[in-house]
Amino acid sequence: MFDTFIFFWLFSWSLTGVFVADAVKSESVTEGESVSLNSSFTQIHRDEEINWKFGDILIAKVKKNKESKFFGDNAEGRFRDRLKLDQTGSLTIINSRTTDSGLYSVSRDTTINTINLTVYAHLPVPVISRDSSQCSSSSSSSCSLVCSAVNVSHVTLSWFKGNSVFSSVSVSDLRSSISLHLEVEYQDNNTYSCVINNTISHQTQHLDITELCYTCAVHCCGFTEAVIRLALSALVGVATVAVLVYDIRSRSLQQKKSVQK
């Protein structure tokens, strides 16, 4: 769909007599960082004028006398005081925002270059927690976990087993929640980690099986089962003590009989 939009957008430029010099280029940056959009021009001549547009909106211009002019009130004022132009006509966006994502064009005479900019939000560290809805007495030898992240877009969430991807899921919607399940055995000695990433950055959370899964055995399998397990443990303990007491008394009686003889 987006490719179709770009095609018709570029076609409309060709109808006005503007020649498209190159295919659409792509740039990516994390919000808060500055990004430079290359005009692909080596220098500005005295009789030339360079225009930068965000979509169809004029946001910056270099006049024939090389004086830069910025249209801060255009595009709903989103670029106000955040634009710079150098001597080649390249545009720098300072303190980039996710709303800066979109199609930019720079034109000179009958030439136009286009750049598709994507500004990614900072990635959160994924959260690993017990999945109590998946834990039951019939699967008490395993622990169900879920790794999740909220308010993200255009990311992939993956479980890693060692250095290899074990499972993954992606989301492209704006500001969505994403989660991925994992079931491990309590005695599993493998190392697991959950990673969220986009094309330019990633965040990792390592799984501590001892902290989450052993606790899961008591808390996520139900109160009744936990009580039964504790009761059985107590009975085993009492039985063990009784056997020890009986053994001690038996030995004591045998020693007394030996002394009397």
Side-chain angles (χ1 to χ4, degrees), residues 1-2 26-33 96-101 117-240:
M1 183 67 179
F2 185 69
S26 297
E27 290 285 349
S28 299
V29 68
T30 301
E31 65 177 337
E33 299 177 352
S96 61
R97 305 167 183 171
T98 55
T99 53
D100 297 340
S101 298
L117 174 65
T118 302
V119 181
Y120 289 98
H122 288 279
L123 291 177
V125 177
V127 176
I128 301 175
S129 58
R130 293 189 306 268
D131 183 6
S132 58
S133 65
Q134 298 296 321
C135 189
S136 64
S137 59
S138 62
S139 58
S140 58
S141 64
S142 64
C143 180
S144 295
L145 303 165
V146 60
C147 180
S148 59
V150 298
N151 203 27
V152 293
S153 60
H154 299 92
V155 299
T156 297
L157 189 69
S158 305
W159 275 110
F160 276 75
K161 184 177 182 179
N163 295 322
S164 301
V165 177
F166 187 74
S167 61
S168 64
V169 63
S170 299
V171 63
S172 59
D173 296 334
L174 296 176
R175 302 303 184 184
S176 299
S177 299
I178 187 172
S179 61
L180 189 62
H181 296 270
L182 175 71
E183 186 163 318
V184 296
E185 299 295 324
Y186 292 143
Q187 304 303 321
D188 195 335
N189 294 320
N190 291 295
T191 58
Y192 292 90
S193 58
C194 184
V195 179
I196 187 171
N197 72 282
N198 53 34
T199 60
I200 59 176
S201 62
H202 71 277
Q203 291 281 10
T204 302
Q205 182 69 271
H206 296 283
L207 170 63
D208 187 337
I209 295 181
T210 302
E211 179 181 350
L212 287 177
C213 288
Y214 290 171
T215 305
C216 177
V218 175
H219 291 286
C220 97
C221 294
F223 176 78
T224 302
E225 185 173 347
V227 170
I228 293 174
R229 289 186 178 187
L230 290 173
L232 289 175
S233 297
L235 288 173
V236 171
V238 171
T240 301

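Because the structure is predicted, anything quoted here is derived from the model rather than measured.
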*Asks:* So which atom in Tyr186 and which in Cys143 form the shortest heavy-atom distance, rounded to 0.1 Å?
*Replies:*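 Scanning both residues completely, I find the closest heavy atoms to be CE2-CB, 3.4 Å.
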*Asks:* To the nearest 0.5 Å, how far apart are CG in Leu145 and CD1 in Ile209?
*Replies:* 8.0 Å
*Asks:* Using the rule given for side chain to side chain donor-acceptor pair (under 3.5 Å), can you reason through Ser144 versus Glu183, listing the C-alpha separation, both sets of side-chain angles and the distance that settles it, and then say yes or no?
*Replies:* CA-CA 4 Å; Ser144 295; Glu183 186 163 318; 3.3 Å; yes
*Asks:* Atom CG of Leu157 and atom SG of Cys147: how far apart are they, to the nearest 0.5 Å?
*Replies:*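 So the gap between those two atoms works out to 4.5 Å.
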*Asks:* Determine whether His122 and Thr30 make a side-chain contact, defined as any pair of heavy atoms from C-beta on separated by less than 4.5 Å.
*Replies:*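 Sidechains of Thr30 and His122: in contact.
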*Asks:* Could you list the residues that satisfy side chain to side chain contact (heavy atoms under 4.5 Å, CB included) with Ser129, not counting sequence neighbours?
*Replies:* Val146
*Asks:* Measuring from atom CG of Leu117 to atom OG of Ser26, what distance do you get when rounded to the nearest 0.5 angstrom?
*Replies:* 9.5 Å
*Asks:* For Ser168, what residues pass the side chain to side chain contact (heavy atoms under 4.5 Å, CB included) criterion, not counting sequence neighbours?
*Replies:* Thr156, Ser158, Val165
*Asks:* Measure the spacing between CZ of Phe160 and OG of Ser167 and express it to the nearest 0.5 Å.
*Replies:* 10.0 Å
*Asks:* Return the OG to NE2 distance between Ser148 and His181, rounded to the nearest 0.5 Å.
*Replies:*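 Ser148 OG to His181 NE2: 9.5 Å, rounded to 0.5 Å.
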*Asks:* Minimum heavy-atom separation for Ser179 and Val169, please, with both atom names.
*Replies:*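 For Ser179 versus Val169, the nearest heavy atoms are O-CG1, 3.8 Å.
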*Asks:* Under 3.5 Å, which donor-acceptor pairs link side chains of residues 189-205 to any protein atom two or more places apart or in another chain?
*Replies:*
| residue | atom | partner | partner atom | Å |
| --- | --- | --- | --- | --- |
| Asn190 | ND2 | Asp188 | OD1 | 2.8 |
| Tyr192 | OH | Asp188 | OD2 | 2.7 |
| Asn198 | OD1 | Ile200 | N | 3.0 |
| Asn198 | OD1 | Ser201 | N | 2.9 |
| Asn198 | OD1 | Ser201 | OG | 3.2 |
| Thr199 | OG1 | Tyr120 | OH | 3.2 |
| Gln203 | NE2 | Leu123 | O | 3.4 |
| Gln205 | NE2 | Pro126 | O | 3.4 |

*Asks:* Which heavy atom of Ala121 sits nearest a heavy atom of Glu31, and at what distance?
*Replies:*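 In this case the closest contact between Ala121 and Glu31 is CA-OE2, 3.3 Å.
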*Asks:* Can you tell me how far apart CD1 (Ile178) and OG (Ser172) are? Round to the nearest 0.5 Å.
*Replies:* 10.0 Å
*Asks:* Which is it for Trp159 and Ile128 under the side-chain contact (heavy atoms from CB on, under 4.5 Å) test, yes or no, and what are the steps along the way?
*Replies:* CA-CA 11 Å; Trp159 275 110; Ile128 301 175; 3.7 Å; yes
*Asks:* Between Ser101 and Val119, is there a donor-acceptor pair closer than 3.5 Å when you use the side chain of the first and the backbone of the second?
*Replies:*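 At least one qualifying donor-acceptor pair exists.
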